[in-house]
Amino acid sequence: MNKITNRQIICDTLLEAAKEDRDIVVVCSDSRGSASLSAFAKEYPGQFVEMGIAEQNLVTVSAGLASCGKKVFAASPACFLSTRSYEQAKVDVAYSKTNVTLIGISGGVSYGALGMTHHSCQDIAAFAALPDMRVYLPSDRFQTARLIQELLKDNLPAYVRVSRSATEDVYTEEMEFTLNKANVLMEGEDILLAACGEMVPNAYEAGKLLREKGYSTGLIDMYCIKPLDEETLLAAAEKAKLIVTVEEHSPYGGLGSIVAQTISAHCPRRVINLALPDGHIIGGTNREIFAHYGLDGEGIARAVQKAFEQEG
């Protein structure tokens, strides 16, 4: 079982890149430990800025550094980054098109037992609504590393959400990766699963369970929420009888909403969305919460099988 978190991989990737690039700067809001960025702060103290618990200042200072030619990675808990500093993200980063990558750590229900104040179940909707803001939810350590490597090459705003815990490996170090291109993990003609972030390994497990029961099941890793890879999505959707989105997010405004809007406009199919409920989420570990709401592999498979049978 993989023990390496996506947040740790972000630090490792930035550490390696900073050996050759002194313009890389990491900014934190009293979250270097939670973001696994302590090693970067120790190795490159001149390229690390600690803002304290001041998320609005975090984003504005990051934008200022970027306007001076720095490549800035601003890390803070996703629950606070997407709410307390939303105006700054809108104006100072997206509108101003500054070279800032916002890293939302401990996304979704990663903080589990800390409750709704620390859950970030609306961040996809919030950031995807900002013009010129890209939104990414990498699934495992290998995809996270490749994503950060690509973001280091451009100068456009982005929001990256990662989990607190380690996720099961979906890829290998030799994976093919193209920025803003979704990955087809399975092909099928009955059911198409579309998942993002930490839900990809769970959807992959569900896909295998459905195949064992005789359902021809496909799976797309939609790590690039915005811009959405419509070409890959529609090519797979045209073959399927039922499309199911799976996300660690509110049922409103996230992957499910975006996929349903795209499908209805181009190749109408029934789309159902498996997501967290529109309510205050129970406390517990993220795995306990996933199981409770049917977002683990078995729960996803049950829900999809039921929905497919209803199709007749």
Side-chain angles (χ1 to χ4, degrees), residues 1-7 34 77-79 82 104-125 136-141 143-144 160-171 185-186 191-213 217 219-223 225 243-257 259 271-308:
M1 179 178 177
N2 171 43
K3 302 283 187 182
I4 304 175
T5 63
N6 291 349
R7 55 197 170 106
S34 296
C79 55
S82 62
I105 59 173
S106 300
V109 294
S110 290
Y111 277 127
L114 294 182
M116 64 84 59
T117 59
H118 283 63
H119 294 162
S120 63
C121 305
Q122 302 81 27
D123 54 333
I124 297 175
Y136 301 105
L137 275 74
S139 59
D140 73 358
R141 52 180 169 155
Q143 188 178 56
T144 300
V160 179
R161 186 228 265 190
V162 293
S163 174
R164 183 175 181 81
S165 58
T167 59
E168 296 295 331
D169 289 339
V170 177
Y171 302 99
L185 299 177
M186 295 180 179
I191 299 159
L192 173 63
L193 303 176
C196 59
E198 194 169 358
M199 289 294 100
V200 174
N202 293 2
Y204 190 83
E205 180 185 349
K208 292 191 294 183
L209 291 172
L210 289 165
R211 285 185 167 198
E212 290 172 1
K213 295 181 179 181
T217 305
L219 170 61
I220 301 179
D221 175 1
M222 303 294 298
Y223 84 91
I225 302 290
I243 299 164
V244 181
T245 61
V246 188
E247 60 185 321
E248 186 184 357
H249 190 267
S250 161
Y252 301 111
L255 176 67
S257 298
V259 166
V271 180
I272 64 172
N273 180 28
L274 302 181
L276 294 167
D278 178 30
H280 302 308
I281 310 303
I282 65 166
T285 67
N286 56 352
R287 291 183 183 274
E288 290 170 342
I289 295 172
F290 296 155
H292 180 81
Y293 291 114
L295 292 176
D296 58 356
E298 292 183 356
I300 294 168
R302 284 195 303 270
V304 172
Q305 183 177 359
K306 180 179 179 181
F308 189 79

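Here, residue 1 is the first one in the sequence, and each next residue gets the next number. Just so it is clear, the values below take in all heavy atoms, side chains as well, and ignore hydrogens, waters and symmetry mates.
Here the OG1 atom belonging to Thr217 is positioned 6.0 Å from the CG atom belonging to Leu193, to the nearest 0.5 angstrom. The line from OG of Ser106 to NE2 of His118 is 9.0 Å long, rounded to the nearest 0.5 Å. Taken to the nearest 0.5 Å, the CZ atom of Arg141 stands 12.0 Å off from the NZ atom of Lys3. For the atom pair Gln122 CD and Asp278 CG, the distance stands at 9.0 Å (nearest 0.5 Å). Note: Thr167 OG1 to Asn6 CG = 4.5 Å, rounded to the nearest 0.5 Å.
Nearest approach of Ala78 to Gly107, heavy atoms of both residues: CB-CA, 3.9 Å. Minimum heavy-atom separation, Gly108 to Cys121: O-SG, 4.4 Å. Nearest approach of Ser257 to Gly253, heavy atoms of both residues: OG-N, 2.9 Å. Of all heavy-atom pairs between Tyr111 and Pro77, the closest is OH-CG, 3.7 Å. Closest of all the heavy-atom pairs between Ala301 and Ala206 is N-CB, 3.8 Å. Of all heavy-atom pairs between Gly256 and Thr245, the closest is CA-OG1, 3.3 Å.
A 4.5 Å side-chain heavy-atom check between Glu168 and Glu205 finds every atom pair outside the cut-off. Side-chain contact between Met116 and Ile281 is absent, with no heavy atoms from C-beta onward closer than 4.5 Å. Between Pro138 and Val160 there is a side-chain heavy-atom pair separated by less than 4.5 Å. Side-chain contact between Met222 and Glu247 is absent, with no heavy atoms from C-beta onward closer than 4.5 Å.
Side chain of Arg7 to backbone of Arg164: a donor-acceptor contact under 3.5 angstrom is found. Within the 3.5 Å criterion, the main-chain N or O of Leu276 finds no donor-acceptor partner in the side chain of His249.
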Pair Leu274-Val304, side-chain contact (heavy atoms from CB on, under 4.5 Å): steps then yes or no: CA-CA 9 Å; Leu274 302 181; Val304 172; 4.3 Å; yes
side-chain contact (heavy atoms from CB on, under 4.5 Å) assessment of Ile124 paired with Leu137: CA-CA 9 Å; Ile124 297 175; Leu137 275 74; 3.7 Å; yes
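Partners of Asp221 according to the side-chain contact (heavy atoms from CB on, under 4.5 Å) rule, which considers only residues two or more places apart in sequence or in another chain, are Ser139, Gln143, Tyr171, Asn183, Leu185, Val200, Tyr223. Every residue meeting the side-chain contact (heavy atoms from CB on, under 4.5 Å) condition with Ser163, not counting sequence neighbours, appears here in chain and number order: Ser110, Ser165, Glu198, Asn286.
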In residues 289-300, what donor-acceptor pairs under 3.5 Å come from side-chain atoms, sequence neighbours left out?
residue	atom	partner	partner atom	Å
Tyr293	OH	Ile282	N	3.2
Asp296	OD1	Gly299	N	2.9

